[in-house]
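A quick write-up on the structure given underneath.
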Amino acid sequence: MLPEHIRSELRAIVGEQHCLDKQEALVAYSYDATPMQQSLPDVVVMPNSTEEVAQIMRVAAKHQIPVVTRGAGSNLCAGTIPVGGGIVLVLNRMNRIVEIDEQNLTITVEPGVRTSDIHQAVEARGLFYPPDPGSMVISTIGGNIALNSGGLRGLKYGTTKDYVLGLEAVLPNGEIIRTGGKLMKDVAGYDLTKLLVGSEGTLAIITQAILKLIPKPQTQRVMLAMYADMSQAARSVSDIIANRIIPGTLEFLDQGTIRVVEDFKQIGLPTDVAAILLIGQDGEPQSVDRDVERIAEICRKNDAVQIKVATTPEEAEEVMTARRSALAALSRMRPTTILEDATVPRAQIAPMVAAIQEITERYGLHICTFGHAGDGNLHPTCMTDARNHEEIERVEEAFAEIFAAAIDLGGTITGEHGVGIVKAPYLEWKVGAAGIEVMKGIKKAFDPQGLLNPGKMFAKESRNRVVIRRA
Amino acid sequence: MLKEALIDKLDYEELANCMRCGFCQPACPTFRETGYEAASPRGRIALMKAVADGVMEPDQDFVDQMNLCLGCRACEPVCPAGVPYGQLIEQTREAIEQVQEHPPWVKAVRKIAFTHLFPRQDRLYRLGSLLHLYQRSGLQKVVQKLGVLRVLPKQLREMEAIMPEATGKGVSEYLGARVIPAVGERKRRVGMFHGCIMDVLFNETNLNTVRLLAEAGCEVVIAEGQVCCGALHAHSGEREAAKDLARKNIAAFREADVDVIVSNAGGCGALLQEYDHLLAHDPDWEEDAKWFSSRVKDISEVLAELVEPDSWGALPGPVRVTYQSSCHLRNGMKVTKEPVSLLQSIPGATYVPLREGDRCCGSAGIYNLVQPEMAGNLLDEKMGHVAATQADILVTSNPGCLLQMKAGIKRAGLEDRMEAVHLVDLLARVRTKTGTASVERRGSS
């Protein structure tokens, strides 16, 4: 519990109503979407402007209070859990779209704007902001930037980092900095914009962002290709790209996921196939049609047992249902659903899926895999029960092996969820001891007192588990 | 004490099934309005679970947060994990009710409403007669003119002003029969659930329901012994009372031996359809409850199935029609398409979608009376969208929503431009020309 005088300093900044310290509020901001993680803050503060954020940080710096910045709390790496207590800084009141600049094709937003609201606002003007994380109906752009979130369109359009042109951010000492701008070219000094993107709230608090927009593609089409063998699906992915076609969407479901989805939705998917690819293309109508035909041909050459190309919006909807309901279908099986992510070079998808299957069987668990085949980002998803401690131990061991397998195949421990707490023990596997030291040096340069999001990104030596339980 | 009651009532399995993804939040009216995590389904479930896990003591803030929920269940269809939030909030309210000490006047009002009034249809009719007298004798006008009502809170005054004309007789008395034959070939034997308030304040809607069903080829049975559905009880934490009512209704319709049980109020229908959950642990009633629940349908489903779309008569048009769906019809009974397709099939009517027509209007049982501020905010937002449709007729499918929409139209100064109508009453205006002699009102009150 923070002393009353500090709480009253905070109340003076944001107003009584936006400074919460009752038990019910503290519980409500003690978690995010990460399973089995919870830790109470001391106070929840909801500022409404950059200036208020700066003032809050000056109070925090003066009294050395940890600060965790939070948007929707939809992340899966425990990145917004206040493990060290202190202030949870909720930015969802700062949710204004400041400007849509049709001359420069940019949008300027506050961090609390929901990602899908950005989509709606720009698409109404024939423009396009491609990053589309699975949680975009709830996630905020500030969180997307902090976590450098990906989505279904990563292969063709890239991820959040590719669209952030400039930022306004508050440093831990309360100073306000601005990086980049409405510029496509800028090499003046270190690229602090790129450094802040994906910094997971450990360096500064993003209070405004300038994002790049592109013209909205005219049409899109989708198709499903089903395979009796995983390697045929993987080869199709490589062949599509080798044929110089970059699909807008290239998603993958393994057999376990297909069975559960079919059981849940009854959309007529064959449950004996080993893999399904969901492939979408967008762009000019003629080139889209041509690409869809060529993709179908490539899939057939790779022995797809069935190919379903949507010709009407209803069929397209049905095809998309297969991928969209994956998480819902899986999450209904057992009480606890652990959705992880690991990325490998896309040529290594088949060996990676095989490795996940082998590990799953060896540990006697129920892990299904789906994800973004086009960019090699897979989501091994474990259905378990947090109350079964013995099983959770095995889940932890299995995921550690899965991340190790990803690194062995030239991949990484997280492609879009972030490091947070849950991946911190493995970061060194990916970046090496020297890499960790450089990162810690950067952290120190921004945040010498270690106030921002402590406990995240860098593991404590005592712990090397993917999942921690609440004490 | 509340803690023990909660641990006893709450379904821990379902609490554990919430994966805290937050997909419920954009759908939740109270979260949208406040932006507070605790005022969202995910937040409320987290609070319930925190109590069950011993992380927090349920205090007044906890209770307030649970009471702020409208119970609209908009969170359920968007929940990937299929968590039955409606049941969890009912269990929580039941636990709260069990230990809550109300001030004496609240206790008295609750007792009158939940024990002596709603479960006793005969008393409701008597009250309806009195109300009718008040409205018809000119007393209402005098009272309104004198401004005596100024002593009432604003929301009650608003409700008084739009109160429909009450009756002292139920639908079966008006028709002089409990079994109304199908017009033409009999396609279904349908039990009509007449509801408690519906039969007194919306008697015409009930009569229209019978007419439309009969003309659609249904033999309509107004089962004797049916009582209030119990939804108000269940939503207010009086689940045991709701169970008693459920047993009476099940017995009544079992006896009537019908193929389908039809409701014309989303709020009632959703609970009727969940009697099997309500009585899940009652071995004597489990089977009958399943029989009952599996037969419950909304009137729009039955009409959409049995009436050819091109057989409706025309509205003197052109008329713009929009639709505010009832939360419980949509989120509880999962009926979304049929009301719209019925509206679209009326010649002379142009259907205009209502922006956020899938969002709660703030009525939510007696929510607009106990949480006037939140309800008022939601209503104002709603009426903004309603005005934008430039509709002539605003259609709803639940009495509470209908009253709220009438109040909203008045409040927004739209009385001269549009009316709010129950779907059934609108369809009755454009009845199919199948012959109607058997289903006319006999006598007056």
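Just so we're clear, the structure is a prediction, and the values are computed from it rather than from any experiment. Just so we're on the same page: letters track the sequence lines, and every chain starts at 1. What you see below is based on every heavy atom in this structure, not just the backbone, and it leaves out hydrogens, waters and symmetry mates.
Using a 4.5 Å cut-off between heavy atoms, A:Ser135 touches chain B through backbone and side chain atoms alike. Only the backbone of A:Thr34 comes within less than 4.5 Å of a heavy atom in chain B; its side chain stays farther off. Contacts between A:Leu20 and chain B at a heavy-atom distance below 4.5 Å involve the side chain alone, from C-beta outward. Contacts between A:Arg93 and chain B at a heavy-atom distance below 4.5 Å are absent for every atom of the residue. A:Arg324 does not touch chain B: none of its heavy atoms, backbone or side chain, sits under 4.5 Å away. For a residue to count as touching a neighbouring chain, one of its non-hydrogen atoms must lie under 4.5 Å from one of that chain's; by this rule B:Arg42 touches chain A with backbone and side chain alike. No part of A:Met333 comes within reach of chain B, as not one of its non-hydrogen atoms sits under 4.5 angstrom from that chain. When heavy atoms are compared at a cutoff of 4.5 Å, B:Cys18 does not approach chain A at all.
Atom CD of B:Glu373 has 12 or fewer neighbouring heavy atoms from other residues, nucleotides or ligands inside a 6.0 Å radius. At most 12 non-hydrogen atoms from other residues, nucleotides or ligands lie less than 6.0 angstrom from NZ of B:Lys297. Other residues, nucleotides and ligands contribute at most 12 non-hydrogen atoms within 6.0 Å of the NZ atom of B:Lys337. The 12-atom threshold is exceeded at CD of B:Gln60, counting heavy atoms of other residues, nucleotides or ligands nearer than 6.0 Å.
B:Glu37 places a side-chain heavy atom less than 4.5 Å from the side chain of A:Arg70. Using a 4.5 Å cut-off on side-chain heavy atoms (C-beta onward), B:Arg20 and A:Leu76 make no contact. For the pair A:Lys22 and B:Phe62, the minimum side-chain heavy-atom distance is 4.5 Å or more.
Between the CG atom in A:Asn92 and the CD atom in B:Gln25 there is a gap of 8.5 Å [rounded to 0.5 Å]. Distance check: B:Thr34 OG1 to A:Met46 CE gives 7.5 Å after rounding to the nearest 0.5 Å. Atom CG of residue A:Leu40 and atom CE of residue B:Met56 lie 9.5 Å apart, to the nearest 0.5 angstrom. Taking CE of B:Met19 as the reference point, atom CE of A:Met36 lies at 13.5 Å (rounded to 0.5 Å).
Taking all atoms of both residues into account, the shortest heavy-atom contact from A:Ser331 to B:Ala81 is OG-CA, 3.5 Å. What you find for A:Arg332 and B:Cys79 is that their closest heavy atoms are NH2-O, 3.0 Å. Shown here for A:Ser74 and B:Cys21, the closest heavy-atom pair between the two residues is CB-O, 4.1 Å. Of all heavy-atom pairs between A:Arg114 and B:Pro26, the closest is NH1-CB, 2.9 Å. In terms of heavy-atom proximity, A:Tyr31 sits nearest to B:Ala46 at CE2-CB, 3.3 Å.
Residues of residues 87-99 of chain B never come closer than 4.5 Å to chain A when only heavy atoms are counted.
A:Glu24 and B:Tyr36 share no side-chain donor-acceptor pair at under 3.5 Å. With hydrogens and angles left out, the side-chain atoms of B:Asp61 and A:Gln23 include no donor and acceptor closer than 3.5 Å.
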Trace of the side-chain contact (heavy atoms from CB on, under 4.5 Å) decision for B:Glu13 with A:Asp385: CA-CA 10 Å; B:Glu13 284 289 319; A:Asp385 187 337; 5.5 Å; no
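Looking only at heavy-atom pairs under 4.5 Å with chain A, the residue among B:Ser40, B:Pro58, B:Gly35, B:Ala50 that has the most is B:Gly35. Contact tally against chain A (heavy-atom pairs below 4.5 Å) for B:Asp59, B:Asn17, B:Val78: the top residue is B:Asn17.
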